[in-house]
Every structure is written in structure tokens, then in C-alpha cells.
Amino acid sequence: MITLNINGNLKRVDVAADTPLLWVLRDSLQMTGTKYGCGMGLCGACTAHLDGAAIRSCSTPVSAAVGKKIVTIEAIDRARVGQVVQAAWQKLDVVQCGYCQSGQIMSAVALLEHNHKPTDADIDAAMAGNICRCATYVRIRAAIHEAAQALA
Ligand code: FES
Ligand code: FES
């Protein structure tokens with residue numbers, strides 16, 4: 001058994017230590033807000049937070065999350081930055097098909113938690129690992145600036 005701190009709750013799961021965190025979230029715990037895209041750390045759909053850092057849960061073994069705080073999209077609105085980012089996403093109507101967007105929001109929140117005034121270059125660097133097949137990149141960047149202004 002492995003014990004994980006997910007969104008402030010302790011969860012016990014019976015999985016091998018090298019199981020990807022994404023499988024644990026989606027299959028063991030039915031937390032399907034975190035998406036499966038490439039499974040190889042290349043698209044960002046599976047982004048979650050580990051001690052506040054954006055990580056690719058598809059390529060993070062669950063053993064690496066033991067003793068750390070895992071936050072997923074299901075709880076991102078519990079903190080102010082998450083609330084502001086989601087509000088900016090809604091205001092600017094960022095979402096198209098939506099598949100990539102939980103990962104996009106997780107990366108945006110991780111950026112704004114550490115940088116309240118990101119430049120375009122900061123945003124592009126932080127979001128480079130999050131692919132959007134609907135090409136919502138311009139609205140994502142605008143929404144991050146919108147959220148940054150709201151946090152100022
Ligand atoms: S599913 Fe994890 S990076 Fe694509
Ligand atoms: S909104 Fe469709 S993949 Fe990003």
C-alpha cells in the first residue's frame with residue numbers, strides 16, 4: 001500500500017511503486033480531471049502539482065509523490081490563484097474542445113504562484129510543455145496576463 005496526500009486528503013492505493021501517478025489518479029481514484037494525452041511527458045494534458053511545481057503525472061512514478069503534496073485540477077479552485085486563473089479563462093472564453101485545458105490551467109497556476117507579473121517570454125517558457133491541438137495559445141497567454149492583473 002502507498003499513502004498519498006492528494007488535495008489535502010490522505011489516500012491509500014494498492015499499486016506498484018513505478019505506476020505512473022496519472023494511472024493512480026484516473027484509474028485507482030477515479031479522478032478524471034487530469035487527462036491522458038501522449039503518456040510520454042510530451043503534451044502536458046496530465047499536468048498536476050507536486051509541492052507546488054507543475055509535473056507530468058504520466059511520467060512521474062507514484063513513488064516520487066510519496067510524502068509530497070499533490071494537487072489536481074479538482075482542487076485548484078481552493079486557492080486564490082486557481083480561482084483567479086479559472087475566472088480569467090472563463091472571461092476570455094479560452095476553451096475550445098477543452099481536452100488540454102486542465103493541464104493548461106495547472107501550468108498557469110504554477111507559473112503565477114511563483115511569478116505574479118510574467119512577461120510573454122515567461123509565459124511562453126512556462127507553458128511550452130502544454131500542447132493545444134485547438135491552438136488556443138493566444139487566449140491562454142491573454143488569460144494569464146488577465147489573471148496576473150487581477151492578482152496585482
Ligand atoms: S499525457 Fe502526460 S505529458 Fe502527455
Ligand atoms: S482546447 Fe482543444 S486541445 Fe486545447
Side-chain angles (χ1 to χ4, degrees), residues 2 4-7 11 13-77 79 81-115 118-150:
I2 289 176
L4 299 169
N5 181 335
I6 303 180
N7 298 334
K11 300 283 187 182
V13 290
D14 187 11
V15 297
D18 62 351
T19 304
L21 177 58
L22 179 61
W23 297 169
V24 174
L25 293 173
R26 290 184 59 84
D27 296 342
S28 302
L29 300 172
Q30 287 78 52
M31 297 174 68
T32 55
T34 307
K35 300 304 182 191
Y36 171 48
C38 65
M40 297 188 293
L42 300 172
C43 76
C46 66
T47 303
H49 292 176
L50 209 52
D51 281 348
I55 55 101
R56 308 299 181 226
S57 62
C58 70
S59 49
T60 301
V62 67
S63 58
V66 174
K68 298 183 179 174
K69 291 182 180 175
I70 304 161
V71 174
T72 69
I73 190 70
E74 285 87 354
I76 203 63
D77 63 349
V81 174
Q83 293 166 2
V84 168
V85 167
Q86 287 191 326
W89 246 245
Q90 288 182 331
K91 180 177 177 182
L92 298 188
D93 205 9
V94 170
V95 176
Q96 196 158 319
C97 84
Y99 198 83
C100 73
Q101 295 293 334
S102 61
Q104 304 281 1
I105 286 173
M106 296 306 288
S107 288
V109 171
L111 167 64
L112 288 167
E113 289 279 10
H114 298 102
N115 182 351
T119 64
D120 284 347
D122 293 335
I123 293 171
D124 290 349
M127 304 300 292
N130 288 83
I131 307 300
C132 176
R133 293 200 64 171
C134 302
T136 62
Y137 302 111
V138 172
R139 293 201 298 276
I140 287 171
R141 187 197 272 177
I144 292 172
H145 282 305
E146 173 82 21
Q149 282 186 346

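Numbers for residues simply follow the sequence, beginning at 1. Values in this document were obtained by computation on a predicted structure and should not be read as measured data. Atoms within each ligand, like the ligands themselves, are counted from 1 in listed order.
- Proximity of Gln101 to ligand 2, defined as any heavy-atom pair under 4.0 Å, is confined to the side chain (atoms from C-beta onward).
- Between Arg56 and Leu21, every side-chain heavy-atom pair lies at or beyond the 4.5 Å cut-off.
- The distance from ligand 1 to the heavy atoms of Leu42 drops below 4.0 Å at these ligand atoms: 3 (S).
- Asp18 and Ser63 are not linked by any side-chain donor-acceptor pair at a separation below 3.5 angstrom, with hydrogens and angles left out of the test.
- For the residue pair Thr34 / Arg26, no side-chain donor-acceptor distance below 3.5 Å is found, with atom types taken as modelled.
- Atoms of ligand 1 found under 4.0 Å from any heavy atom of Gly37 (numbered from 1 in listed order, with element): 1 (S).
- Considering atom 4 (Fe) of ligand 1 as centre, the angle to SG of Cys38 and to SG of Cys43 is 110° (10° rounding).
- Residue Thr136 forms a side chain to side chain donor-acceptor pair (under 3.5 Å) with just one option from Gln104, Gln96, Gln101, and that option is Gln101.
- Contacts between Thr47 and ligand 1, counted as non-hydrogen atom pairs separated by less than 4.0 Å, are absent for every part of the residue.
- Considering atom 4 (Fe) of ligand 2 as centre, the angle to SG of Cys100 and to SG of Cys132 is 100° (10° rounding).
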Exercise. Glu113 and Val85: side-chain contact (heavy atoms from CB on, under 4.5 Å), yes or no, with the steps?
Worked result: CA-CA 11 Å; Glu113 289 279 10; Val85 167; over 6 Å; no
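- Remark: ligand 2 atoms within the under-4.0 Å shell around heavy atoms of Cys134 are 1 (S), 2 (Fe), 3 (S).
- Atoms of ligand 1 found under 4.0 Å from any heavy atom of Gly41, numbered from 1 in the order shown, are 3 (S).
- Taking 4.5 Å as the limit, some side-chain heavy atom of Ile144 sits within range of a side-chain heavy atom of Met127.
- Two residues are said to be in side-chain contact when any heavy atoms from C-beta on lie closer than 4.5 Å; Ser28 and Trp23 fail this criterion.
- Rounding to 10°, one obtains 100° for the angle at atom 2 (Fe) of ligand 1 between SG (Cys46) and SG (Cys58).
- Proximity to Gly98 (heavy-atom distance under 4.0 Å) selects the following atoms of ligand 2: 1 (S), 2 (Fe).
- Every atom of ligand 1 with a heavy atom of Gly39 under 4.0 Å away is listed here by number and element: 1 (S), 4 (Fe).
- Remark: minimum distance from atom 3 (S) of ligand 2 to any protein heavy atom is reached at Arg133 N, 3.3 Å.
- Taking the charged nitrogens against the carboxylate oxygens, Arg139 and Asp93 have no contact shorter than 4.0 Å, which rules out a salt bridge.
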